[in-house]
Amino acid sequence: MKLFRFGSPDHEHPGVELPSGQRIDVTHFGEDYDESFFASNGPERLAHWLTAHAHTCPDVAPDQRIASCVRRPSKIVCVGLNYAKHAAETGATPPTEPILFFKSTTALVGPNDDVVIPKRSEKTDWEVELAIIIGKRASYVELEEAMDYIAGYALHNDYSERAWQLERGGQWVKGKSADTFAPLGPYLVTKDEVPNPNALNLWLKLNGEELQNSNTDDMIFNVPTLISYISQFMTLLPGDVISTGTPAGVGMGLKPQRFLKPGDVVELGIEGLGEQKQTAVSFV
Ligand code: ZN
């Protein structure tokens with residue numbers, strides 16, 4: 001199933017894209033895609049509800065804004081330097097254990113919303129990533145059982161202000177958390193439709209020029225390893241997002257380095273999970 005959310009930022013509603021490509025409004029199901037939805041087998045219950053009600057649901061107008069595919073979760077946990085070539089381009093040694101950092105949940109936006117270059121930013125950069133959406137409470141999860149804790153997958157652009165991330169001291173969170181720095185979606189694709197999350201092509205273009213192009217099979221730590229690992233340090237709640245790291249081709253790794261300017265257009269995608277398009281704008 002492909003779940004999405006739509007509407008203006010303060011009036012977002014749940015939708016479903018049917019296998020035919022028809023996009024329907026499922027507001028009458030009575031739930032949004034949030035922690036309680038995922039905690040109570042929401043995707044399965046919604047699929048069952050649709051067998052009787054899909055034909056009564058209105059279509060979503062094509063000009064509707066698409067929102068983040070999950071309603072604000074308890075946390076966004078990100079993995080740093082999880083592709084060997086990307087680690088090399090940043091000058092870092094590939095990690096022996098996953099590097100974890102947080103991204104503020106207020107950074108979440110829709111997949112095609114403008115990315116706002118923050119006040120006083122000089123190094124706003126892009127990162128196409130596979131995001132995992134957690135389906136049930138996960139604590140001390142064994143590797144063999146890790147895949148049972150997944151609700152689905154989504155496309156994420158882990159926008160990053162490099163000066164704030166790396167030159168201003170301390171943890172990476174300062175460079176990762178500005179408003180609009182986490183476009184998520186268009187879809188949460190349920191895990192039954194993604195047989196192998198570690199074999200997906202992913203790419204990103206800046207103004208039409210392809211700068212990132214890789215496959216999730218290049219990850220140093222794969223999807224089940226990350227879930228099991230993270231759950232040794234914190235409890236993951238239903239709806240939480242894990243962003244699994246970006247491949248080579250970010251702006252700070254280019255020679256010369258390139259960062260976003262107002263008017264730049266960023267397009268990205270992952271096989272089976274849809275595409276995003278953001279236009280960079282100045283903070284006003
Ligand atoms: Zn990242």
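The CD atom of Gln278 sits 12.0 Å away from atom CH2 of Trp126, with the distance rounded to the nearest 0.5 Å. Here OG of Ser282 is found 11.5 Å from NZ of Lys261. Values are rounded to the nearest 0.5 Å. Taking OG of Ser36 as the reference point, atom CG of Leu237 lies at 12.0 Å (rounded to 0.5 Å). Leu202 CG to Leu200 CG: the interatomic distance, rounded to the nearest 0.5 Å, is 8.0 Å. Atom OG of Ser104 sits about 7.5 Å away from atom CG of Asp179, to the nearest 0.5 Å.
Leu50 places a side-chain heavy atom less than 4.5 Å from the side chain of Val26. Taking the side chain as every heavy atom from C-beta outward, Pro238 and Ile133 never approach each other to under 4.5 Å. When side chains are defined from C-beta on, Val70 does not count as touching Asp34, because their heavy atoms never get closer than 4.5 Å. In this structure, the side chains of Leu130 and Leu155 stay at 4.5 Å or more apart for every pair of heavy atoms. Looking only at side-chain heavy atoms (C-beta outward), Asn213 and Leu204 stay at 4.5 Å or farther from each other. Counting heavy atoms from C-beta outward, Phe29 and Arg45 have side chains that approach closer than 4.5 Å. Contact check for Gln22 versus Asp59: side-chain heavy atoms found under the 4.5 Å cut-off. At a threshold of 4.5 Å between non-hydrogen side-chain atoms, the residues Val115 and Thr279 do not count as touching.
Between the side chains of Asn207 and Asp264, at least one donor N or O lies within less than 3.5 Å of an accepting N or O. When only modelled atom types and interatomic distance are considered, Thr246 and Gln212 share a side-chain donor-acceptor pair under 3.5 Å. For the 3.5 Å distance criterion, the side chains of Ser121 and Glu161 qualify, holding a donor opposite an acceptor. Between the side chains of Lys103 and Ser177, not a single donor N or O lies within less than 3.5 Å of an accepting N or O. Of the N and O atoms on the side chains of Gln276 and Asn112, not one donor lies less than 3.5 Å from an acceptor on the other residue. For Ser243 and Asp158, the side-chain atoms include no donor-acceptor pair closer than 3.5 Å.
By the 4.0 Å N-to-carboxylate-O rule, Arg5 lies close enough to Asp32 to be salt-bridged with it. A salt bridge does not link Arg71 with Glu31: none of the charged nitrogens is closer than 4.0 Å to a carboxylate oxygen. Between Glu12 and Arg65, at least one side-chain nitrogen of the basic residue sits less than 4.0 Å from a carboxylate oxygen of the acidic one, meeting the salt-bridge criterion. Contact check on Arg162 versus Glu127 returns a salt bridge, with a Lys/Arg side-chain nitrogen under 4.0 Å from an Asp/Glu carboxylate oxygen. Ion pairing between Glu275 and Lys205 fails under the 4.0 Å rule for side-chain N and carboxylate O.
Contact between Ile76 and Ala182 at its shortest, heavy atoms only, is CD1-CB, 4.5 Å. What you find for Gly251 and Phe259 is that their closest heavy atoms are C-CE2, 4.2 Å. The two residues Leu81 and Ile99 have their closest heavy-atom pair at CD1-CD1, 3.7 Å. Residues Pro118 and Thr124 approach most closely at CD-OG1, 3.6 Å, considering heavy atoms. Minimum interatomic distance between Pro224 and Ala146 (heavy atoms only, all atoms of both residues): O-CB, 3.4 Å. When all heavy atoms of Tyr33 and Pro14 are compared, the closest pair comes out as CZ-CB, 3.5 Å.
For Gln257, the CD atom counts as densely surrounded, since its 6.0 Å shell holds more than 12 non-hydrogen atoms of other residues, nucleotides or ligands. By the neighbour-count criterion of 12 heavy atoms within 6.0 Å, atom CD of Glu122 is sparsely surrounded, having that number or fewer from other residues, nucleotides or ligands. Residue Arg72 places its CZ atom among 12 or fewer non-hydrogen atoms of other residues, nucleotides or ligands, all under 6.0 Å distant.
With hydrogens and angles disregarded, a donor-acceptor distance shorter than 3.5 Å links the side chain of Lys191 to the backbone of Met147. Side-chain atoms of Asn222 come within 3.5 Å of backbone atoms of Thr225 as a donor-acceptor pair (strictly under, hydrogens ignored). Under a 3.5 Å cut-off, the side chain of Glu129 and the backbone N or O of Ala131 do not form any donor-acceptor pair. A donor-acceptor distance shorter than 3.5 angstrom exists from the side chain of Asp125 to the backbone of Met252, with no hydrogens or angles considered. At least one donor-acceptor pair under 3.5 Å links the side chain of Thr216 to the backbone N or O of Ala199. With hydrogens and angles ignored, the 3.5 Å screen pairs no side-chain donor or acceptor of Asn82 with any backbone N or O of Met219. With hydrogens and angles ignored, the 3.5 Å screen pairs no side-chain donor or acceptor of Ser214 with any backbone N or O of Pro247. Glu89 places a side-chain N or O within donor-acceptor distance of the main-chain N or O of Gly249, the cut-off being under 3.5 Å. A distance-only check finds no donor-acceptor pair linking the side chain of His11 to the backbone of Gly7 [under 3.5 Å]. No side-chain donor-acceptor contact under 3.5 Å links Glu17 to the backbone of Arg23.
Paired with Pro183 under the rule side-chain contact (heavy atoms from CB on, under 4.5 Å), one option of Asp113, Asp114, Asn157 passes, and it is Asn157.
Using bins of under 30°, 30° to 60° and over 60° for the plane-to-plane angle, the ring pair Tyr159/Phe181 lands in the tilted bin. The aromatic rings of Phe4 and Tyr187 sit perpendicular to each other, their planes meeting at more than 60°, with 30° as the lower class boundary.
If you chain together hydrophobic residues whose side chains sit under 4.5 Å apart, Leu143 and Ile227 never meet in one group. Cluster annotation: Ile132 is connected to Val128 through the hydrophobic network of ILVMFWY side chains, with a link wherever side-chain heavy atoms come within less than 4.5 Å.
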